[in-house]
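Working notes, structure below.
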Amino acid sequence: MKIEILTENPLHHASAALVIGCFEDAKDELYAALDSELGGCLARLAASREFTGKTNSSRLLHTLGKLPCERLLLVGLGKRAELDSERLRQAAGTAMQALRSARVASFSSALCQSVALPDALEAVATGSLLGAYAFEWYKTKDKEERFEGFEAMTLLLPKEADLEAARARVEASGSIAQGVRLARDLVSQPGNVVTPGYLADTAREISGRHGLSCRVYEMDELIAMGMGALVAVGKGAAEPPRLIVLEYQGAGAKGRPTVLVGKGITFDSGGISIKPGAGMEEMKTDMAGSAAVLGTMAAAAGLKLPLNLVGIIPTAENMPDGKAFKPGDVLTSLSGTTIEITNTDAEGRLILCDALHFAQKYKPVALIDLATLTGACVVALGHEASGLMGNDQRLADALQRAGERSGERLWQLPLWDEYGEGMKSDIADLKNSGSRDGGTLKAGWFLKQFVGATHWAHLDIAGTAWCDKARPYCPKGATGVGVRLLIEYLTGR
Ligand code: BES
Ligand code: MN
Ligand code: ZN
C-alpha cells in the first residue's frame, strides 16, 4: 500500500473515501462541518443510535456529491478521556475492515486530526498497515470476487504539521509493520513449506537485504559443537535441524548486544510422545518465536537502530520415526548438563537450552527468548497476554512497559526454585518434563538452568501467537506477536 501524507483540509479533499474518528461524548469542528455539508445526517445517525462513536464501530456513508469525498467512513473512538494509542490503532484497523468489506482500495484518513496523542501518527499508520494484512497465498478460486488488497492511503494531518518529520515517522512505522507481516506470513505458512531449511533461507534473505551477517549451522556442525539437545529433537525428521545466527551491528563492533532467541519448531507432532490428532494442525505455529526474532531483526535493521542485536534460532521438526529420540533417552546438552527425556513433546525447552547456553558467548546485555512453549500458558492467560518470566526484575519491568505501550501485553509469572524440585532426574541432572501442574513455570525454571548469570527474560507466547478470532488490526490466525513488543523495548523510553 502506497502512503501519502498531506496537510489538506479534509473538508476540501477529494477521495474515494474519507475516514474520520468520532468520539462518543464529544463532537469536534471537523465533525460539525461535515455534518452541516451533509444536511445533518451525522446528527441524525447519532440521535437514532445507528452510529454513536463506540470503540471499534464504524459506519460508511455515500456523500452523493455533497462533499468532495465520495464516501465518508465514521469510526468510533469511544470516550475522549479514555483514548490511548491502542484504541487509536484499533480504530485505524477497524476502518480497514470496513473499507475491505466495501472494496474501497484507496482512501484518505483524517483519524490523526481528532486526537492530541503525541504518537497518533504512528498509531494510525500501524493500525492501518496491519489492518490491511491478509494471508491469501493458497486461495486460488473466485479471484474476481475477492478484494485485491489496498492500493493507497493518504494521511491528512493538521496544517501546522511538520511534513518531513511526519514522513520519517510513517516510514518507521512501515519498517515495523513489515517485520510483523513477515512474522505473520511465516506462522501462517504450513509446515510443508516453512521447514528448518525455509527459515534458514529466510534468514539469509533478510541478511542480504539489510546487510546483516548470517550463519547457519548444519547437522554435522551441531553434532561437533555438542548441541545434543537440539540434535536429539531434530533426529526423527527427514529435514535436519539447524541453528541460525543473525547479527545486526548498529553500534559498532565493540558494544555488547541484546540477544534474541526464538523457538523454531516448524511442526510439533509431539514426537514419540505423539499429540492427539484433534487440533494438531495448529502445531505448524510452533515456530512463532523464531518468526518474531526474524521480524524484529528485519525491523531493527530497517529502522537503523543504534544498537547491536543478535538473533539466534534453533530450528527442527519434532517427528516420530525409527530414528527419533524417545522417552528414557539421556541427552548431553551443550552446557554439559544431562537431560533424561520423560516426554518428547517437551521439545521446545530442549532446543532452547542449547541455544541459550550458546547465546552466552555473546556476553549479552540482555537475553530474551520467545517460545510457544506450554499449553499451560494458554490455560493461564488465554490469548490476551504472553507469559513473562526471568531472573532480572528490571528487564522484566522494561518488557512489561513495552507490552503496555505496544498493546502486546505481558503478565509476569514466578520462577521460584521450588518449581525445579519436580524436574530432577534419578539418573541424569534434569528431566525434561514433570507433572502437569505449573507447567509454564517448570518449563521456565528448566530454561533458567542454562542462562548462567545473564540478565534473561523468557516470553511464553503459546496463547498469543495465534488467535481464533479476528481483531481490528489482526485477522484471525497468526498475530506476529513479539515484533512490535521487542522494537518498543529496544527503542524504549
Ligand atoms: N508447542 C507445544 C506448546 C503449545 C501448546 C503451543 C498449545 C501452542 C499451543 C509444546 O512443545 C508442548 O507440546 N508442550 C507440552 C509440554 C508438556 C509435554 C510438558 C504441553 O504444554 O502440553
Ligand atoms: Mn511439544
Ligand atoms: Zn512445541
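Atoms within a ligand are numbered from 1 in the order they appear, just like the ligands themselves.
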Heavy-atom pairs closer than 4.0 Å: do any link ligand 1 to the side chain of Leu373, the backbone, both, or neither?
backbone
Would you please say whether a donor-acceptor pair under 3.5 Å links the side chains of Ser435 and Lys442?
yes
Suppose we measure from atom 16 (C) of ligand 1 to each protein heavy atom; which comes out shortest, and what is that distance?
Arg349 NH2, 3.8 Å
Does only the side chain of Asp345 get under 4.0 Å from ligand 1, or the backbone, or both, or neither? Count heavy atoms.
both
May I ask you to decide if Thr464's main-chain N or O and Thr479's side chain share a donor-acceptor pair within less than 3.5 Å?
yes
Please list the nearest protein heavy atom to atom 2 (C) of ligand 1 with its residue and the distance rounded to 0.1 Å.
Asp268 OD2, 3.6 Å
For the pair Asp329 and Lys326, evaluate salt bridge (Lys or Arg N to Asp or Glu O under 4.0 Å) and give the outcome as yes or no after the intermediate values.
CA-CA 6 Å; Asp329 286 1; Lys326 352 172 248 307; 3.4 Å; yes
Above 12 or not: heavy atoms from other molecules or residues under 6.0 Å from CD of Glu171?
no
List the closest protein heavy-atom neighbour of atom 20 (C) of ligand 1: residue, atom name, distance to the nearest 0.1 Å.
Gly375 N, 3.8 Å
Quick note on ligand 1: atoms under 4.0 Å from a heavy atom of Lys263 include exactly 1 (N), 10 (C), 11 (O)
Side chains of Thr266 and Thr195: is there a donor and an acceptor less than 3.5 Å apart?
no
What pairs meet the ring pair (Phe, Tyr, Trp, His ring centres under 6.0 Å) rule with one or both residues in residues 447-480, with sequence neighbours excluded?
Phe446-Phe450
Could you grab the protein N, O or S atoms closer than 2.8 Å to the Zn ion (ligand 3) for me?
Lys263 NZ, Asp268 OD2, Asp286 OD2, Glu347 OE2
Any atoms of ligand 1 less than 4.0 Å from a non-hydrogen atom of Glu347? List them with their elements.
11 (O)
Is a salt bridge present between Asp369 and Lys263, judged by a nitrogen-to-oxygen distance below 4.0 Å?
no
Which one holds for Met287 and ligand 1: side chain close, backbone close, both close, or neither close, with close meaning a heavy atom under 4.0 Å?
neither
Which protein heavy atom lies closest to atom 9 (C) of ligand 1, and at what distance to 0.1 Å?
Met283 CE, 3.5 Å
What protein N/O/S atoms lie closer than 2.8 Å to the Mn ion (ligand 2)?
Asp268 OD2, Asp345 O, Asp345 OD1, Glu347 OE1
Could you give all pairs that pass the ring pair (Phe, Tyr, Trp, His ring centres under 6.0 Å) test and reach residues 275-333, with sequence neighbours left out?
none
Which segment of Lys442 sits under 4.0 Å of ligand 1 when only heavy atoms are counted:
neither
The single option from Thr258, Thr454, Ile312 that satisfies side chain to side chain contact (heavy atoms under 4.5 Å, CB included) with Tyr362 is Ile312
Hey, is Lys275 touching ligand 1 through its side chain, its backbone, both or neither, going by heavy atoms under 4.0 Å?
side chain
What I want to check is whether the side chains of Asn318 and Ser269 have a donor and an acceptor closer together than 3.5 Å.
no
Is Arg436 atom CZ crowded by more than 12 heavy atoms from other residues, nucleotides or ligands, each under 6.0 Å away?
no
4.5 Å side-chain heavy-atom contact, Ile3 and Leu129
yes
Look only at interatomic distance and state if Ser433 has a nitrogen or oxygen under 3.5 Å from any nitrogen or oxygen of ligand 1.
no
Does NZ in Lys275 sit with more than 12 non-hydrogen atoms of other residues, nucleotides or ligands closer than 6.0 Å?
yes
Do we see a donor-acceptor contact under 3.5 Å between the side chains of Ser425 and Glu340?
yes
Compute whether any side-chain donor of one residue and acceptor of the other, for Gln189 and Tyr138, lie under 3.5 angstrom apart.
yes
Do Thr374 and Asp460 have side-chain N/O donor and acceptor atoms under 3.5 Å apart?
yes
min-distance protein heavy atom vs atom 18 (C) of ligand 1 -> Asn343 ND2, 3.3 Å
